[in-house]
Amino acid sequence: MQSCRTIVAGLFGLLIAGAASAGEPTACDRLAGSPTDPNRAGAGIGLYGIEPAEAIVACEKVLAADPSNPRLLFNLGRAHDASSLLDKRPDQKAQAGRNFKAAADQGYPAAQVALAAFYWYGWGDLPRDPGQAMRLLAKAMASDAKEANAQRQNLFGDTTFNPDANEAQLRIIKDAADAGDADALYALSLPLNLGGSPVAQAELARLLHKAAAHGSAPAARDLARLYFRGSHGLAKNPDESLRLFQQAMASDDPEVWESIAMLYERGNFGLPKDEKQAARLYEQASNEGLASAQYDLARFYEEGKGGLPRDVREAARLYGLAADQGNSDAVLALARDMAEGRGGFEANKPRAVEYLRRAARWSPRAKDELARMGAQ
């Protein structure tokens, strides 16, 4: 049972978040708000879609009149974070961390989720403190469980692949796995995909079985593939493979939905080719904000696949959402629409070139496309 202190703290966080979300969107919200922030004002914009200089000025202006507003502080942090990515300015990462901390200290959940990564990796001028990262995510669970869980999964999975991971990080993951934590068990399985020895293969299968039994959708999906192939010491079992795929699809994991949608689109791993089922899963994952699914759903609208109407404007809208989150395939598709005059755009090659030049600040593929067009 939760303690009174925990319940009161959760309610206080919700009240703070609710107060911060009141009112019409400001210029700061439009230019730097997060589409995954449950307390956002307005639709929000993906990190790679932010124009840092403009967004920083806008956020600082509204904060001058409301300097303690945690939502606006969080947005300003995102604007500085975008500058660190797009302008390659390390000092901006430190400023982002300071803004996220100012908002997180007021109990703002989205800032707590973002700040957790800063402590986990020791970004900016914050110390590497994995324990503090986990404490921040635990606080955020009260009112933003979806993003807090996703951040935790990402931190765990990235760390088990990272040769620079420290003992404190690995100990947190191993302790969680020993306690039966599904995400930690799955994270420990990931590096074993690179090992070909029979011992590594058997350990991979063991961890996937355990993680899937504790509710890990990615583990169920990966185990389904092993059973379909009859690999890693497992006997080929198409029925068990199908059961595990169905278990994974019944989860609330957008990345798993999208990966299984790809199997239905192509008819792989024992799943029939079924573009309608693929479209349904792509749409589910897209609605949760997954950039790669937004791109795939855009493809279906552009081609009129999976029972969807052919709608080039909707395709362009989805390409834009995915591009703003850093999806290079979507950037190239949107630039093509601009150049050729599709999806509601008038044909304008200079506009497409300018768009690609902006994206080339972070996307090697955009840079390659500019070279192909002779427009670098």
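Put simply, the side chain of L76 reaches to within 4.5 Å of the side chain of I56, judged on heavy atoms. Under the 4.5 Å side-chain criterion, counting only non-hydrogen atoms from C-beta, L263 is in contact with F245. Annotation: side chain of D181 is in contact with side chain of R152 (closest heavy-atom distance under 4.5 Å). Under the 4.5 Å side-chain criterion, counting only non-hydrogen atoms from C-beta, C59 is not in contact with L72. Put simply, the side chain of L297 reaches to within 4.5 Å of the side chain of L308, judged on heavy atoms. Residues E314 and L318 have side chains in contact (heavy-atom distance under 4.5 Å, counting atoms from C-beta outward).
A salt bridge links D87 with R361; the closest basic N to acidic carboxylate O contact falls under 4.0 Å. Between R365 and D368 no salt bridge is recorded (no basic side-chain N to carboxylate O distance below 4.0 Å). Look at R358 and E51 and you find a salt bridge, because one of the NZ, NE, NH1 or NH2 atoms lies within 4.0 Å of a carboxylate O, short of that distance. Using a cut-off of 4.0 Å between Lys/Arg side-chain N and Asp/Glu carboxylate O, R280 and E283 are scored as not salt-bridged. R372 has a carboxylate O that lies under 4.0 Å from a charged side-chain N of E369, or vice versa, which qualifies the two as a salt bridge. A salt bridge between D81 and R78 is absent, with no side-chain N of the basic residue lying under 4.0 Å from a carboxylate O of the acidic one.
Just one residue in the list D164, L170, N166 forms a side chain to side chain contact (heavy atoms under 4.5 Å, CB included) with T159, and that residue is L170. Results of the salt bridge (charged side-chain N to carboxylate O under 4.0 Å, His left out) test with E302 over R336, R310, R317, R313 single out R336 as the only residue that passes.
The hydrophobic cluster containing L271 does not contain L226, counting ILVMFWY residues as joined when their side-chain heavy atoms lie under 4.5 angstrom apart, directly or transitively. Placement of L137 and F156 within a single hydrophobic cluster is found when ILVMFWY residues are connected by side-chain heavy-atom separations under 4.5 Å, directly or transitively. Hydrophobic clustering (ILVMFWY, side-chain heavy atoms < 4.5 Å, transitive): M262 and F269 are in distinct clusters.
With hydrogens and angles disregarded, a donor-acceptor distance shorter than 3.5 Å links the side chain of Q106 to the backbone of S68. A donor-acceptor pair under 3.5 Å is absent between the side-chain atoms of S328 and the main chain of S363, judged by distance alone. Judged purely by atom type and a 3.5 angstrom limit, Q325 has no side-chain atom pairing as donor or acceptor with the backbone of L290.
For the pair K273 and Y264, the cation-pi criterion (under 6.0 Å, within 45° of the ring axis) is not fulfilled.
Nearest heavy-atom pair, N75 versus G33, reported as atom, atom and distance to 0.1 Å: OD1-CA, 3.4 Å. Counting all heavy atoms, side chain and backbone alike, Y319 lies closest to L334 at CB-CD1, 4.1 Å. The two residues A114 and Q151 have their closest heavy-atom pair at CA-NE2, 4.2 Å.
Within 6.0 Å of the NZ atom in K276, the count of heavy atoms belonging to other residues, nucleotides or ligands does not exceed 12. For D252, the CG atom sits in a loose shell: 12 or fewer heavy atoms of surrounding residues, nucleotides or ligands are nearer than 6.0 Å.
Relative orientation of the Y108 and F74 rings is tilted, given thresholds of 30° and 60° on the angle between their planes. F300 and Y282 have perpendicular rings, their planes meeting at more than 60° on a 0 to 90° scale where under 30° would count as parallel. Ring orientation note: the planes of F118 and F100 are nearly perpendicular, at an angle over 60° on the 30°/60° scale.
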Would you please test R243 and D239 for salt bridge (charged side-chain N to carboxylate O under 4.0 Å, His left out) and show each step?
-> CA-CA 6 Å; R243 185 191 72 78; D239 290 338; over 6 Å; no
Evaluate ring pair (Phe, Tyr, Trp, His ring centres under 6.0 Å) for Y186 paired with H214, printing each intermediate quantity in order.
-> CA-CA 10 Å; Y186 181 67; H214 282 83; over 10 Å; no
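Between R221 atom CZ and L208 atom CG the span is 9.5 Å, to the nearest 0.5 Å.
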